[in-house]
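Reading through the structure tokens given below for one structure.
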Amino acid sequence: MPELPEVETIRRDLDAVLLEQIFSRVEIIYPGPVRPLSAEQFAEKLAGKKIISTGRRGKYLLLNLDDGSVIAFHLRMTGRLVFARQECARDKHTHLVFHFADGSCLTFSDVRKFGTIWLLSTGGADQIPGLSALGPEPLSGDFHFPYLDRALEKRAVSVKALLLDQRVVAGLGNIYADEVLHRACIRPERKARSLGREERIVLFLAIREVLEEAISCRGTTVSDYRDASGSSGMFQERLRVYGRRGELCSRCGEVICRSCVAGRGTYYCPRCQK
DNA sequence: AGCAGGACCTGATGGC
DNA sequence: TGCCATCAGGTCCTGC
């Protein structure tokens, strides 16, 4: 599942190859992901436009174009963006192929067809409810301890549900929420408001540490995620709890459990996560 | 308002 | 072997 570290990895890869690229043609195999225009209009509008910079907000990947418009991608669970210098590999799940003037191309594929692509006019981020409502970037200065401290206050939801709420902090998904809570020694089902001050501080630090480490490992590949050149990430080797039911906790040796919190499969250590 | 749960989608997996 | 049910999860939507 592409979460913040995976999207950031793709963004960095694409930044190295897409700047100054000019769209020559957009090939539409399946128009479902395109919003708000029809896929045909989307393709027409892009022709001749140049990519001037890349960006990311939470799990949204952004390509900024020379006329001020922006292409926003959300890969959801199984979306992929893969760049190729010449002929792009494609399969039955390839929905769009962006062709550039120099002969290179970018394919968008998505097994589950949940991924979405928007073309936004200048200042059009508010056309996407989820994007305009995003909370602070966890690795930016906007995300600081007093902010998280306030966000946890009075909230009756589980701390895991709070971490998954993109309005609170942008970019955490199921895998990193579990990893953050393990690092912070906090049970996922604990109510957010029940955390003591020390726990809140540790949680704040854990969010940044886990995300930074995962970015440095180029993300986590559990099954579907690939970077912009089609390669797997490496952070799956460093996961402490996610997907490790029945294995032993690396910190205390207890058997890792799986339960359901916030409607999601949730992995935790029943001994050292309090 | 805040919160919980279902819908969306398809491939992998497991039971019989 | 084949068929069917279940599960995976990010976001949006509905309803309590």
Side-chain angles (χ1 to χ4, degrees), chain A residues 1-8 10 29-36 56-62 72-81 90-96 108-118 120 125-135 137-138 150-181 188-194 207 211 214 219-226 232-233 235-236 239 241-246 256-268:
Chain A
M1 291 62 72
E3 305 179 27
L4 187 154
E6 291 74 35
V7 179
E8 179 61 17
I10 294 169
I29 298 146
Y30 169 72
V34 179
R35 316 273 158 84
R56 181 191 55 73
R57 266 295 274 141
K59 302 171 195 171
Y60 293 82
L61 175 71
L62 309 173
F73 296 87
H74 198 304
L75 303 176
R76 312 285 175 184
M77 276 83 70
T78 55
R80 285 186 191 176
L81 277 170
R90 51 181 88 189
D91 60 24
K92 62 190 266 200
H93 304 298
T94 300
H95 302 324
L96 285 92
F108 174 79
S109 312
D110 187 7
V111 170
R112 289 193 197 160
K113 298 183 173 169
F114 278 14
T116 314
I117 305 171
W118 295 263
L120 307 172
D126 50 359
Q127 293 167 39
I128 309 178
L131 179 57
S132 57
L134 282 180
E137 283 295 318
R150 276 196 304 276
L152 288 161
E153 252 182 35
K154 296 178 184 167
R155 293 296 303 272
V157 285
S158 64
V159 62
K160 171 154 178 175
L162 189 104
L163 294 182
L164 292 175
D165 186 343
Q166 303 299 297
R167 297 167 300 182
V168 171
V169 57
L172 288 171
N174 201 39
I175 296 174
Y176 294 113
D178 281 3
E179 292 299 310
V180 163
L181 290 167
E189 71 267 27
R190 286 271 303 281
K191 286 190 187 303
R193 64 187 179 203
S194 78
I207 290 169
L211 292 176
T220 301
T221 297
V222 171
S223 57
D224 293 286
Y225 165 70
R226 296 294 184 278
S232 297
F235 194 73
Q236 62 276 11
L239 294 175
V241 284
Y242 184 85
R244 298 201 181 279
R245 172 166 51 175
I256 291 165
C257 291
R258 182 184 185 280
S259 66
C260 185
V261 177
R264 297 286 169 248
T266 298
Y267 300 86
Y268 67 99

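Protein chains get the first letters and strands the later ones, always in sequence-line order, with residue 1 at the start of each.
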At a cut-off of 3.5 Å, list every protein nitrogen or oxygen paired with a nitrogen or oxygen from nucleotides 14-16 of chain C, distance to 0.1 Å.
none

message = Can you tell me if A/H74 touches the phosphate of C/dT11, counting only side-chain N or O atoms and a distance under 4.0 Å to OP1 or OP2?
response = yes
key: By ring pair (Phe, Tyr, Trp, His ring centres under 6.0 Å) - contacts of A/Y225 (at least two apart)   = none
request  = Please report, rounded to the nearest Å, how far the P atom of C/dC7 is from the OH atom of A/Y242.
outcome  = 15 Å
request  = State the NZ-CZ distance between A/K191 and A/R155, to the nearest 0.5 angstrom.
outcome  = 11.0 Å
message = Regarding A/R57 and A/E137, does a basic nitrogen lie under 4.0 Å from an acidic carboxylate oxygen?
response = yes
Set of residues satisfying salt bridge (charged side-chain N to carboxylate O under 4.0 Å, His left out) with respect to A/E8, sequence neighbours excluded = A/R11, A/R12, A/R56
task = Give a yes/no answer on whether the side chain of A/Q166 brings an N or O atom under 4.0 Å of OP1 or OP2 in C/dG10.
result = no
message = Run the ring pair (Phe, Tyr, Trp, His ring centres under 6.0 Å) test against A/H93 and tell me which residues pass, sequence neighbours left out.
response = none
task = Quick one: list whatever passes side-chain hydrogen bond (donor to acceptor under 3.5 Å, both in side chains) with A/R245, sequence neighbours left out.
result = none
ask   = Which residues satisfy the salt bridge (charged side-chain N to carboxylate O under 4.0 Å, His left out) test with A/R190, sequence neighbours excluded?
value = A/E199
request  = Would you mind classifying the nucleic acid contact of A/A156 as base, sugar-phosphate or nothing, using non-hydrogen atoms under 4.0 angstrom?
outcome  = sugar-phosphate
ask   = Expressed in angstrom and rounded to an integer, what is the separation of A/D165 atom CG from C/dT11 atom P?
value = 10 Å
ask   = Between which nucleotides of DNA chain B, read 5' to 3', does contact with chain A run, using atoms under 4.0 Å from its heavy atoms?
value = B/dC3 to B/dG11
ask   = Mind checking what makes ring pair (Phe, Tyr, Trp, His ring centres under 6.0 Å) contact with A/Y267, not counting sequence neighbours?
value = A/Y242
request  = Only counting residues at least two apart or in another chain, list the ones meeting salt bridge (charged side-chain N to carboxylate O under 4.0 Å, His left out) with A/R193.
outcome  = none
key: Interatomic distance, A/L75 CG vs C/dT11 P [rounded to whole Å]   = 11 Å
inquiry  = Reading DNA chain B from 5' onward, which residue's closest nucleotide shows up sooner: A/K113 or A/G263?
reply    = A/G263
key: DNA chain C: 5'-proximal contact among A/I128 and A/R112 (nearest heavy atom)   = A/R112
remark   = By salt bridge (charged side-chain N to carboxylate O under 4.0 Å, His left out), A/D224 pairs with (sequence neighbours left out) none
ask   = Ignoring hydrogens and geometry, is there a side-chain-to-backbone donor-acceptor pair from A/T78 to A/D110 under 3.5 Å?
value = no
query = If you look at every strand shown and take non-hydrogen atoms under 4.0 Å, does A/M77 touch a base, only sugar-phosphate, or nothing?
reply = base
query = Mapping A/K191 and A/K92 onto DNA chain B by nearest heavy atom, which one lands closer to the 5' end?
reply = A/K191
inquiry  = So A/R76, base contact, sugar-phosphate only, or nothing? Heavy-atom distance under 4.0 Å.
reply    = sugar-phosphate
task = Give the rounded distance in Å between these two atoms: CE of A/M1 and P of C/dG9.
result = 6 Å
ask   = Can you name the residues that form a side-chain hydrogen bond (donor to acceptor under 3.5 Å, both in side chains) with A/Y176, not counting sequence neighbours?
value = A/E6, A/T220
remark   = Terminal axes of the helix from B/dG2-C/dC16 to B/dC16-C/dG2 (5 end pairs apiece), angle rounded to 10 degrees, sit apart by 50°
note = Whole-Å distance, A/L134 CG to C/dC12 C1', equals 14 Å
message = Let's test your reading of the model: under 3.5 Å, does the base of C/dT11 pair with the side chain of A/R264 as donor and acceptor?
response = yes
